[in-house]
2 protein chains.
Amino acid sequence: MSAPALKHDVFQAIADPTRRRMLTLLADKEMPIAAISECFPITRTAVNKHLHVLSDAGLVSSKKVGRETRYRLQPEPLIEIKQWLDFFEQYWDEKLLALKMFVESDDA
Amino acid sequence: MSAPALKHDVFQAIADPTRRRMLTLLADKEMPIAAISECFPITRTAVNKHLHVLSDAGLVSSKKVGRETRYRLQPEPLIEIKQWLDFFEQYWDEKLLALKMFVESDDA
DNA sequence: TGCAAATGACACCTTTTGGTGTTATTATTA
DNA sequence: TAATAATAACACCAAAAGGTGTCATTTGCA
């Protein structure tokens, strides 16, 4: 009842690196499938499937505009992951976190 | 070079609900496979496979003690997920986050 | 009206995943 | 030392995941 019982799990939706790239791509702009497909070395059909997985998880919304379907990020379901992560935060060392962030900031 | 090139991705490792439960189980205690298996309705072989996936992702460490192998949480790789999530945090509404946390706090 | 663009809907294929059972291997302990 | 407990290592299987290509449908426009 309280949970919408989505077909695809959020954790599973972000497991695929292609889908993660799609989310960053759609973070600040609305895009139709054709434009999204140009950013990936796979067919439009495959892109469409990934978008459906993301949509089932509630991570993107689609809107029909004329003959194209525009997708955009719907970040709210990511809260579930954040909450799950919060539980584990007490177990890692804060100093290690600071170190790791420092290390990764200079090879980006 | 900088990345250890782990066989299994952290995002993919936490995609499976059984593996997520294993992580919470191993969060505050070290456990051998037999004890872990008792918490799940699957065979020891299957449990072992899940533990290997987690181990490949760096999320658990194993230590041989006599004839048993004890596993324990290694939370550091979760930092990668936290960092990925941090990027999206700017896109969700803070009020919505507060609401969602309030709602979920009373049906737990 | 009629053609082209954009996407939806299938059918199909291969690899991975999550599971099983069986058979070693190693370590305790009676 | 022999029996047993704990797990590692296979071989195997069904279903799902990620991909392909083809065809149908809908919309924009010359």
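The sequence lines fix the lettering, A, B, ..., with proteins before strands; numbering per chain opens at 1.
Taking every side-chain heavy atom of B/T45 into account, D/dA9 is the closest of D/dA9, C/dC12, D/dT7. Of the candidate nucleotides D/dG19, C/dG8, D/dA17, D/dA17 has the atom lying nearest to any side-chain atom of A/H8. Of the candidates D/dA6, D/dG18, C/dA6, D/dA6 carries the atom nearest the B/E68 side chain, counting heavy atoms from C-beta on. Nearest to the side-chain atoms of A/A46 among the listed nucleotides C/dT20, D/dG19, C/dG8 stands D/dG19.
Put simply, OH on B/Y71 is 12 Å from C1' on D/dA6, counting in whole angstrom units. Here C/dG18 presents its P atom at 13 Å from CZ of B/F40, a figure rounded to the nearest Å. Between the C1' atom of D/dA17 and the CZ atom of B/F11 lies a distance of 19 Å, rounded to the nearest Å. Distance CG (A/L54) to P (D/dA17): 13 Å, rounded to an integer number of Å. Remark: P of D/dA16 and CG of B/D16 are 14 Å apart, rounded to the nearest angstrom. Rounding to whole angstrom units, NE2 of residue B/H52 and P of C/dG18 are separated by 15 Å. The CG-P distance, from B/D9 to D/dG18, rounds to 12 Å in whole Å. Protein atom CD1 of B/I42 is 16 Å distant from nucleotide atom C1' of D/dA14, rounded to whole Å.
Take the nearest nucleotide of DNA chain D for A/R67 and for A/T43: the residue whose nucleotide is more 5' is A/T43. Between B/A35 and A/R44, the residue whose closest nucleotide on DNA chain D is further toward the 5' end is B/A35.
With salt bridges taken as basic N to acidic carboxylate O contacts below 4.0 Å, none links A/D16 and A/K49.
Annotation for B/D9 and A/A15: closest pair OD2-O, 4.1 Å, computed over non-hydrogen atoms.
No donor-acceptor distance shorter than 3.5 angstrom exists from the side chain of A/R72 to the backbone of A/S61, with no hydrogens or angles considered.
Remark: A/R19 is in phosphate contact with D/dG18, judged by side-chain N or O atoms under 4.0 Å from OP1 or OP2. Note on A/N48: a side-chain N or O is less than 4.0 Å away from OP1 or OP2 of C/dG8. Distances shown here put every side-chain N or O of A/H50 at or beyond 4.0 Å from the OP1 or OP2 atom of D/dA17. Residue B/Q12 places at least one side-chain N or O closer than 4.0 Å to OP1 or OP2 of C/dT17.
A side-chain contact (heavy atoms from CB on, under 4.5 Å) with B/N48 holds for exactly one of B/H50, B/R44, B/H52; it is B/H52.
Across all strands shown, B/A34 has heavy atoms under 4.0 Å from sugar-phosphate atoms exclusively, and none from any base.
One finds the NZ atom of B/K82 at 8.0 Å from the CG atom of B/L85 (value rounded to the nearest 0.5 Å).
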